[in-house]
Structures are given as C-alpha cells and as structure tokens.
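Here is how names work: the chains are called A, B, and so on, in the same order as the sequence lines, proteins then strands, and each is numbered from 1. The structure presented is a predicted model; accordingly, all values stated were derived computationally and were not measured.
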Protein chains: 2
Amino acid sequence: MAQPTSLARPPAPLVGDTRERLLDAAEQLFGENGFDGTSMRALARAAGTGLSAANYHFGSKEALLTAVMLRRINPVNELRIQRLETLEAQAGNQPLRVEDIVDAYLRPVFEIRAASLQRDASSPWLAARVYSDPSDAVSKLKRELFVRVHARFLPALQRALPQHAVRDLEIAQQLTTGLLVHVLSGNVSEGELGSAQDYEAILRRLIAYATAGLTHLPVVPADGAEEQP
Amino acid sequence: MAQPTSLARPPAPLVGDTRERLLDAAEQLFGENGFDGTSMRALARAAGTGLSAANYHFGSKEALLTAVMLRRINPVNELRIQRLETLEAQAGNQPLRVEDIVDAYLRPVFEIRAASLQRDASSPWLAARVYSDPSDAVSKLKRELFVRVHARFLPALQRALPQHAVRDLEIAQQLTTGLLVHVLSGNVSEGELGSAQDYEAILRRLIAYATAGLTHLPVVPADGAEEQP
DNA sequence: GTCTATATGTTGATAGAC
DNA sequence: GTCTATCAACATATAGAC
C-alpha cells in the first residue's frame, strides 16, 4: 500500500506495445489483402509476435478487425461532423454550399490518413477495402460505422438542394461514397500521384467531381411517375 | 470410318452442361463472397457436381475465375465499343456529347446484367466485386480486361473536353468507373431499387452524376504549378 | 467426365508451460 | 503476456476406379 508508484506497476509499461503493433499490422494487412486474404499467423508475424498473442488480446480475428476499424474510423467521422457543425454555425440559418458539405465529408479521411501513415502511403486505406469486402464479418460492421455519418450529412444536403427528393439525394450521397472508396482502394492514379503530402491534388478533383454530381441531379417530377411524357 | 455421325459422337451432347453450370455457380459465389471467400467445394456443390469436375474443366480456381470473367466482361466491352463507334459514325467529325459517351460506357453493363439474370438479381455483379478484390489472382486479371476499354474511350473524352489535360480526364474516367463499381457491388439503393427490369432508374442517376462530374473538372493552369495565385 | 479417396498444406482457436 | 505444441476443420489439388 505504501509502495512507490514507480515500483508498484512494472507490468504496465510494455503491455500496450504489442497490442498496438498488432493493430498496426492488422490495418496494413487487412487493407492490402482483405479480411479473408489475411491469416492471423501472417498478421502476428508482421507485428513481431506470436499467433497466441493476437488471440489473447482480441479473442478472435473478427474482434481484431472491429478494433482496428473503430480506432481509425471514429476519429474520421468525428472530424467530419465537427467540420459540418462549424459550417452550420458560420452559415446561421442559410443553407450550406454543396461544395463545402462535400469537403467536410471527404477531406477528413485524407487528413487522418496522411497523419497516420508512417508506412508506404501507397497501401490501401483499410476502411475503403472493408467497404467492398464481401466477408460476413465485415458487412455487419460496415453499416454500423457509416450510417450515422450519412444520416447526419443528409439533412444538410436537403437544405442545400431543396428542389430534389430525399431519395435522390440519398442515392447521390451513396455515389459520392463510391468515389471515395474507389480512390482510397488505390484504383485511381496509378501514375505519379499517391505520395503522402500531396493528397490535395487528387482530393481537389474528387471534390469537384462529387460537387458537380450532386448539384446536377436529374430533375424528376416530384410524384412517382418518372417516365410519363 | 463409315459410321453415321449420329453415332460417331455420343460423348459431346452432355459435356458442356456441367461446365456451364460451374461457370454460373462461380459467377454467383465469387460475386457474393469474393474470391478468397469462396471454396471450390462450395462452388461445385452449388453447381450440383463434385469437386473434381471443377478441377477437370478448369484446372485451378484461378483459371475458373478467369474463365467466368471473360465470359461476362468481353461482351460488355464489345458492346461498349460498338456503341461508341456508332456514336462517332453519327457525329461525323464533331466531338461527341459527354453524356452520350458516359451512356455508352455505363449502359451496356446494366443491359447485359439484366439479360443474364435468371437469378436473384440482387446478387452483386461479379466484375464489380473483382474490381475491388485484393486477391493476387484477381488484380492481374483486372487491368488486362479494363485497360483496353479505357484506352478506347479516353480519346473520345479528349475531343469532347479539349480544354482539359489528358491526365485530368483519365482521373475523372477512373472516378466514373468507381461509381459503376460501387453501384454494381450492391452498395447503392438498399431501398426499393434493385429489381431486374427497372435498372433504368438507377442508371439515369448514375449517368447524370458522372456526366456532371466529367463536365465540371477543376480548371487548372496547363502548366505544372497548380497552386500559384 | 465424374466419382471416391486421399495427399498435403493452412486455417482459427486453444491448452498448458513459463 | 507470450511462448510452443496441438486440435479439428477446412483449403486446393491429384490419383485411380468406373
């Protein structure tokens, strides 16, 4: 009880280390090879530890995926919503500009990605890979993580584009996510782009493309009959 | 040698049947569960045959994937190019409308998809799943299949949008593919859409979004310095 | 051509020593 | 906490009978 704290807790210091190395390895390998394409053994080896350590810390492969996803996606989503709220505070009662909404949605991913990349910087962003991963373990997780943000951004889009049906805006929003996923999966710019700092180049094109797509939705009659002459 | 042909070839009639059932099963299961997520056993069972039959006809899992991809993608790509050539013939020397180029690129996928779906119609389109599948066997195949079409459509885009750099058009073209992949992977319209015939509803929104994205590229100075005031 | 049986390797997860 | 050793299940692919 009267032990000095410097001696009272020797186990703690080197505990969290391998746990985080496992998360790092999982982020990289799941991102590169997918969930089914990554074995727990390869993952433990990349983290410089044994197979059992991984199962000790996370209990299962699926739980490890959940952990690494949460670690990376939650900050992105919080930053997105924070940006949106800042915009709304500045705008008062006026609708936001579509481009600003798109920016608040897309930019945080690139910023956090750039901040958390000591590595190759060319490896795919895990969350994007997960978004199109068909594995059962993955599809459940996906919606829980992203539905909340979509629900938060949709009203902002509605106010900015009041002439369109909610359903159309929802689809356009999902298409925008498709653009993001495609870029972050590494399917765009096999050329000179892709280095760490100048994500601005691809991001500007991405924002421009998405903004145009959202502001030029096909105008359909407000009622159900879409094909009537 | 003098045998009547009706007796000379009895083995042929029932040959192709299981081979095609295997292709059908592969298309469905690879599409739903990905390449790594589908076992040859599950695939053979879905085709109503044994494991060995699959390996007899295709030699390996990877070769089976290649076969099923080629069967479905080649007709799409041929239709795409045929549509583009028709447009060019009609336009004479004039540049095409961007929307028509986009239509020629996107619509054939939905048409052939609708024509080849006796099944659920809600199962993901294999080629889209493959496009974001990280498996090694898949990434090689991907580029071989799609690079040719992209190379064919890019000049048409250049003539329609001469004020933009080729590199910018190329990126926008890849973004457009991202939209398509996302839709065909089943990530859009979890609502009422998705039935067999009315793909027109989602296709129209897709075309509008992509056309707007392509016609509103950010205008950058023709030289390298993009950020100069 | 298709089957059963099998060879050979890998998987996720666990038990028990330390 | 981390290790080695091991389990049962599953993977791809092949051999040989019919």
Side-chain angles (χ1 to χ4, degrees), chain A residues 7-30 32-69 130 133-141, chain B residues 7-26 29-30 32-69 133-138 140-141:
Chain A
L7 277 178
R9 39 172 180 171
L14 64 145
V15 168
D17 210 26
T18 63
R19 192 189 144 94
E20 241 181 271
R21 285 207 317 277
L22 280 167
L23 285 172
D24 289 343
E27 184 165 9
Q28 180 166 18
L29 292 184
F30 284 154
E32 288 174 3
N33 309 318
F35 184 75
D36 290 329
T38 303
S39 74
M40 292 288 279
R41 282 177 167 81
L43 201 145
R45 186 165 3 100
T49 182
L51 166 63
S52 299
N55 277 318
Y56 169 79
H57 282 288
F58 300 99
S60 76
K61 188 184 181 183
E62 191 169 333
L64 171 54
L65 175 72
T66 304
V68 66
M69 284 285 290
V130 160
D133 195 316
S135 183
D136 280 350
V138 160
S139 10
K140 304 173 197 167
L141 190 57
Chain B
L7 277 178
R9 42 173 179 170
L14 64 145
V15 168
D17 210 25
T18 62
R19 191 190 145 94
E20 241 180 272
R21 285 208 316 278
L22 280 167
L23 285 172
D24 289 343
L29 292 184
F30 283 154
E32 288 175 1
N33 310 318
F35 184 75
D36 289 329
T38 304
S39 74
M40 292 289 277
R41 279 179 167 79
L43 201 145
R45 186 165 3 99
T49 182
L51 166 63
S52 299
N55 278 318
Y56 169 80
H57 282 289
F58 300 98
S60 76
K61 188 183 181 183
E62 190 169 333
L64 172 55
L65 174 72
T66 303
V68 66
M69 284 284 292
D133 196 315
S135 183
D136 280 350
V138 160
K140 303 173 198 168
L141 189 58

Does a nitrogen or oxygen in the side chain of A:Ser39 sit under 4.0 Å from OP1 or OP2 of C:dT11? yes

What is the distance from NE2 of A:His57 to C1' of D:dC3, rounded to the nearest Å? 12 Å

When you check the phosphate oxygens OP1 and OP2 of D:dT2, does a side-chain N or O of A:Thr18 lie under 4.0 Å from one of them? yes

Working to the nearest 0.5 Å, report the span between CZ of A:Arg21 and CG of A:Leu43. 12.0 Å

Working to the nearest 0.5 Å, report the span between CD of A:Glu20 and CD of A:Glu27. 11.0 Å

If I take atom CG from residue B:Asp133 and atom CG from residue A:Asn33, how far apart are they, to the nearest 0.5 angstrom? 10.5 Å

Per-nucleotide pairing state of DNA chain D [Watson-Crick or G-U, under 3.5 Å; [ ] pseudoknot-crossing; | other strand]: ||||||||||.|||||||

Within the structure provided, determine whether A:Phe35 and A:Lys61 are in side-chain contact (heavy-atom separation under 4.5 Å). yes

Distance, nearest 0.5 Å, that separates CE of B:Met40 from CG of B:Leu29: 11.5 Å

Value in whole Å for how far the P atom of D:dG1 lies from CZ of A:Phe58: 13 Å

Write down the distance between CG (B:Leu64) and C1' (D:dA11), rounded to a whole number of angstrom. 15 Å

Shortest side-chain distance from A:Thr49, nucleotide among D:dC3, C:dG12, C:dC3: D:dC3

DNA chain C: A:Ala42 or A:Tyr56, which has the more 5' nearest nucleotide? A:Ala42

Is any side-chain nitrogen or oxygen of A:Ser52 closer than 4.0 Å to OP1 or OP2 of C:dA13? no

Tell me, do A:Thr66 and A:Phe58 make a side-chain contact under 4.5 Å, heavy atoms counted? no

How close or far is atom P of C:dT2 from atom CG of B:Leu43, stated in whole angstroms? 14 Å

Taking C-beta and beyond as the side chain, do A:Asn55 and A:Leu64 meet within less than 4.5 Å on heavy atoms? no

Starting at CZ of A:Arg41 and ending at P of C:dG12, how long is that distance when rounded to a whole Å? 7 Å

Spacing between B:Asn55 atom CG and C:dT6 atom P, to the nearest angstrom: 18 Å

Can you measure A:Leu22 atom CG to D:dC3 atom P for me and round it to whole angstrom units? 10 Å

5'-most by nearest nucleotide on DNA chain D - A:Ala53 or B:Glu62: A:Ala53

Interatomic distance where CG belongs to B:Leu51 and P belongs to C:dG1 [whole Å]: 18 Å

